[in-house]
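Sequence lines set the chain letters: A, B, ... in the order given, protein chains first and strands last, and positions in each chain run from 1.
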Amino acid sequence: MSHPHSQITSLTQLSLKDLSDGLQAGRFSVMEITDAWLARIEKFNPLLNSFITVLADGARTQAQQIDNQIRKGELTHTLAGVPYALKDLFCTDGVLTSCGSKMLHNFVAPYDAHVTTKLKQAGAVLLGKNNMDEFAMGSSNENSAYGVVRNPWNTEYVPGGSSGGGAAAVAARLAPFVLGTDTGGSIRQPASFCGITGIKPTYGRVSRFGMIAFASSLDQAGPMAVSAEDCAIALNVIAGFDERDSTSAQEPVGDYTASLNNSIEGLKIGLPKQFFAAGLDPDVATVIERGVKEFEALGAIIKEIDLPNSHMAVPVYYIIAPAEASSNLSRFDGVRFGHRCDNPKDLRDLYERSRWEGFGEEVKRRIMVGTYALSAGYYDAYYLKAQQVRRLIKQDFVEAFKQVDVIMGPAAPTTAFKIGEKVDDQVAMYLADLYTIPTSLAGLPGMSFPIGFDEHQLPVGMQLIGNYFQEARMLNIAHRYQQTTDWHLRVPAKFA
Amino acid sequence: MEWETVIGLEVHTQLSTHSKIFSGSSTNFGAEPNTQASLVDLGMPGSLPVLNKRAVELAIRFGLAINAKIAPKSVFARKNYFYPDLPKGYQISQLDLPVVAQGHLDIELDNSETKRIGITRAHLEEDAGKSLHEDFHGQSGIDLNRAGTPLLEIVSEPDMRSAKEAVAYLKKLHTLVRYLGISDGNMQEGSFRCDANVSVRKKGEPFGTRAEIKNLNSFRFIEKAINHEVERQITLIESGKKVVQETRLYDPDKDETRSMRGKEDANDYRYFPDPDLLPVDITSADIERALAELPELPEAKKQRFIRELGLSANDVESLTASREVADYFEAVQQQLGDAKLAANWVTGGLSALLNRQGVEIAQSKVAANTLGELLKRIKDGTISASAAKDVLDALWNEEGSVDQIIEQKGLKQVNDTGAIEAMIDQILEANPSQVAEFRAGKDKLMAFFVGQAMRASKGKFNPATVNEILKQKLEG
């Protein structure tokens with residue numbers, strides 16, 4: 001803690017890769033970098049509200065242990081000693097895991113999520129838990145019981161959501177990498193809004209064990225960091241089969257960093273015409289089109305493709321996700337954990353008031369919608385029909401990937417919007433995930449990486465969609481782009 | 001026109017797996033509350049179910065035993081409702097694609113005809129926990145030890161026409177699940193529970209409105225509850241009222257059913273496929289494996305006992321009542337080489353002893369091979385049948401081996417004709433008036449003389465020899 005300010009700044013300017021290399025080479029200790037990042041959190045988090053919990057003591061205790069282990073040669077993992085933060089829906093043993101909700105304001109998880117365990121084993125240092133939209137429901141991080149998160153590029157603007165706290169933290173360099181989750185765009189859209197790189201892997205690639213569920217058939221965890229290379233290093237640790245999650249994929253995991261420098265000469269990129277139609281902000285369109293040209297210049301072949309059913313993705317998503325959520329959130333009943341109302345007069349009162357008081361507006365809205373969609377007499381018209389359309393949407397992608405290697409387009413129709421701008425217009429808010437939802441419904445991997453800025457100096461994210469389990473290829477493509485550009489290295493002025 | 005009763009039954013039978021259907025917790029009965037509840041059983045945020053494949057195997061085994069269709073693809077669904085002992089707010093069950101569909105079970109009616117009862121489906125689901133109301137003032141306790149215990153819900157067609165038929169079906173089903181080794185069938189511990197759908201109609205008319213009776217956990221209660229419900233419905237209709245569709249609870253203390261909830265209060269369970277669990281693919285290899293594990297079923301066993309061992313239909317009925325009894329009998333029979341003698345003792349002397357001790361054959365303190373040894377001593381004339389009963393009691397009390405006990409108690413039979421003849425001469429001499437009466441035609445006195453001889457010998461004379469000599473002396 002006696003470090004000169006310059007060193008704190010320099011240590012927190014390092015990427016995950018640089019930190020890892022420096023630690024292994026003994027250029028600095030885990031304690032030094034942990035202190036440096038904690039100091040930055042202390043300084044800047046009040047401005048952003050990107051953390052719900054900061055684990056200063058826990059991180060230092062962990063740092064000390066890992067320093068010892070590295071010194072003894074017991075820990076040589078790439079992530080050993082590298083600080084990170086977790087979205088506050090990954091269960092963390094002995095730590096508040098709130099899900100951004102009053103419902104879980106007192107829930108200290110009694111166990112570690114699969115990803116938490118993996119990162120602990122690798123020796124990564126947990127700095128804290130990131131703010132998020134309540135139960136991961138939202139696209140602006142305005143739905144948190146712990147308050148709004150601000151966008152580091154302009155603190156009057158939202159950071160996107162639901163992994164908005166993590167995205168803001170990485171953009172402001174309060175953590176070298178974080179883990180988020182993506183159900184309909186919750187990694188990609190905030191990554192786009194905050195000008196960072198984030199990847200939602202193929203559904204089933206990362207175990208959901210210990211991840212508090214929003215919509216089980218869509219939820220997927222993934223890393224968010226400055227660069228594709230950093231995401232690859234983090235994904236290496238968390239990806240892989242886990243017998244505790246029945247939907248976890250058996251598909252073997254390679255080394256995502258191994259192919260980062262592969263050539264992208266001759267890469268066939270598909271541009272869905274539906275992603276460039278009405279609804280796309282012209283300013284965003286201009287930036288995306290310029291980015292596409294840059295890929296062309298790198299040797300890629302551009303081809304227009306058709307995803308004819310993608311216009312149904314948002315309505316389908318807003319049936320399926322709330323339906324699953326209405327059931328997933330039934331366990332929050334005030335009986336065993338979480339919020340319980342005072343002096344319930346009977347069982348019904350206990351249920352009704354505990355849930356009424358514990359859940360926020362958007363969560364209640366989605367529980368109502370989901371309950372309705374599953375009700376007798378409506379199930380066939382809504383839930384079953386939505387599942388049928390979901391299969392059509394998936395089929396669109398299967399056809400598309402017969403013609404192209406990857407798909408690109410905007411991650412979101414606009415850049416970040418102002419805090420409060422869309423809180424009263426749910427449909428406008430839901431359309432923020434217009435381009436990310438089709439991928440989620442198909443279970444495909446998708447990422448967002450910075451491709452430039454709009455005229456308000458807000459970041460624009462390029463969405464990259466790969467075929468199933470093609471994460472290595474996607475990270476390779478984004479990495480090659482990042483080798484020739486510096487959008488991803490730019491830091492908001494206030495946080496430089 | 002005569003009233004006709006229509007009954008369909010839903011049976012929940014607990015499957016004999018070591019661990020729960022979606023977690024690794026133990027399924028043992030009677031542990032301290034909440035000591036057998038893991039993250040999954042508690043419905044902890046972030047916890048996920050993982051299917052216990054053994055439960056599926058046992059369900060397949062049941063399906064094969066009732067000649068049902070086994071689904072090549074089976075799906076788990078969530079049944080959503082709020083209840084304090086239902087930790088996730090939904091029960092994982094099956095709706096559209098159960099493991100087992102369209103089977104049947106044949107029952108024997110009083111007139112010794114058989115009747116085929118259709119089994120619509122059998123699906124897997126998890127049990128709920130238990131609410132405890134006794135020890136808490138103004139509150140309820142929740143024990144989640146039972147939450148997640150695997151159940152097979154077996155749903156019959158409305159094929160039964162009387163409470164007696166319903167009980168015959170249940171008994172048959174109860175025997176079957178224990179035979180198959182898929183459930184211990186323990187009704188006190190709730191391993192075999194039944195709900196009955198009961199309606200009445202005039203013969204030939206369409207089905208009447210049904211009431212569902214819950215909480216039936218003994219064969220006696222089931223018969224009483226159904227009969228009570230039938231009477232209630234007939235009385236209602238005959239007095240011009242209507243039966244309403246509802247769920248009724250049987251109260252064994254008052255012997256009556258009372259309304260629990262009406263149709264309008266029925267939950268909308270909002271079933272949908274559980275996205276945390278993948279559909280289960282059941283392959284022909286799975287079915288072959290289940291077939292290999294399928295034990296000989298009661299009917300086949302009966303036929304074999306009659307055909308190969310020359311036993312009567314009467315004998316085999318009780319010998320095949322449970323797999324344990326049949327296995328015990330076969331062990332005794334194989335050692336002894338006398339099926340009839342083995343059958344008589346397993347269903348007679350041993351069965352009476354077990355009843356007196358209040359235990360099942362599986363807990364018998366006299367093992368099958370010990371009983372076999374004992375029966376050998378009857379067969380080779382060492383002891384009499386009545387002495388054997390004393391030996392059996394002594395064996396139960398662990399007084400020694402068969403031969404030691406016979407020795408200690410001096411139970412060896414006297415087969416020496418000279419000694420027997422001398423004693424009989426004495427008895428006839430001492431009872432001249434009875435001898436005269438017998439010779440005058442009072443045949444019944446034969447038993448008196450045999451009794452005298454056996455008493456005098458303290459039961460050691462071979463009764464067959466005694467009889468023979470008496471006949472010679474009295475009639476000759």
Which atoms of A/Ala323 are under 4.5 Å from chain B, going by heavy atoms: the side chain, the backbone, both sets, or neither?
backbone
With a 4.5 Å cut-off on heavy-atom pairs, point out which of A/Phe209, A/Phe107, A/Tyr111 contacts chain B the most.
A/Tyr111
Picking from B/Pro45, B/Pro275, B/Gly89, which has the most non-hydrogen pairs under 4.5 angstrom with chain A?
B/Pro45
Indicate yes or no: at least one non-hydrogen side-chain atom of A/Arg336 is less than 4.5 angstrom from one of B/Ile142.
no
Return the option, out of A/Tyr379, A/Phe332, A/Phe90, A/Tyr351, with the maximum number of heavy-atom pairs under 4.5 Å with chain B.
A/Tyr351
Counting C-beta onward and ignoring hydrogens, is there a side-chain heavy-atom pair between A/Thr371 and B/Arg270 closer than 4.5 Å?
yes
Could you measure the distance from the CE atom of B/Met44 to the SG atom of A/Cys91? Nearest 0.5 Å is fine.
8.5 Å
If I measure from the heavy atoms of chain A, does B/Tyr81 come under 4.5 Å with its side chain, its backbone, both, or neither?
neither
Would you please classify the geometry between the A/Tyr383 ring and the B/Phe272 ring as parallel, tilted or perpendicular, with 30° and 60° separating the classes?
perpendicular
Find the one option among B/Asn80, B/Leu39, B/Leu277, B/Leu278 whose heavy-atom pairs under 4.5 Å with chain A are most numerous.
B/Leu39
Nearest heavy-atom contact between B/Phe82 and A/Ser330 is CE2-O, 3.4 Å
Which atom of B/Leu48 lies closest to which atom of A/Arg244, heavy atoms considered:
CB-O, 3.6 Å
Report which part of A/Arg355 has an atom under 4.5 Å of a heavy atom belonging to chain B: side chain, backbone, both, or neither.
side chain
In this structure, OG of A/Ser327 is separated from CG of B/Asp274 (nearest 0.5 Å) by 7.0 Å
Atom pair CZ/CG of B/Arg78 and A/Leu374 - distance to nearest 0.5 Å:
10.0 Å
Which atoms of A/Glu243 come close to chain B, meaning under 4.5 Å heavy atom to heavy atom: side chain ones, backbone ones, both, or neither?
backbone
A/Ile212 side, atom CD1; B/Ser47 side, atom OG - distance, nearest 0.5 Å
10.0 Å
Need one label for B/Asp268: side chain, backbone, both or neither, based on atoms under 4.5 Å from any heavy atom in chain A.
side chain
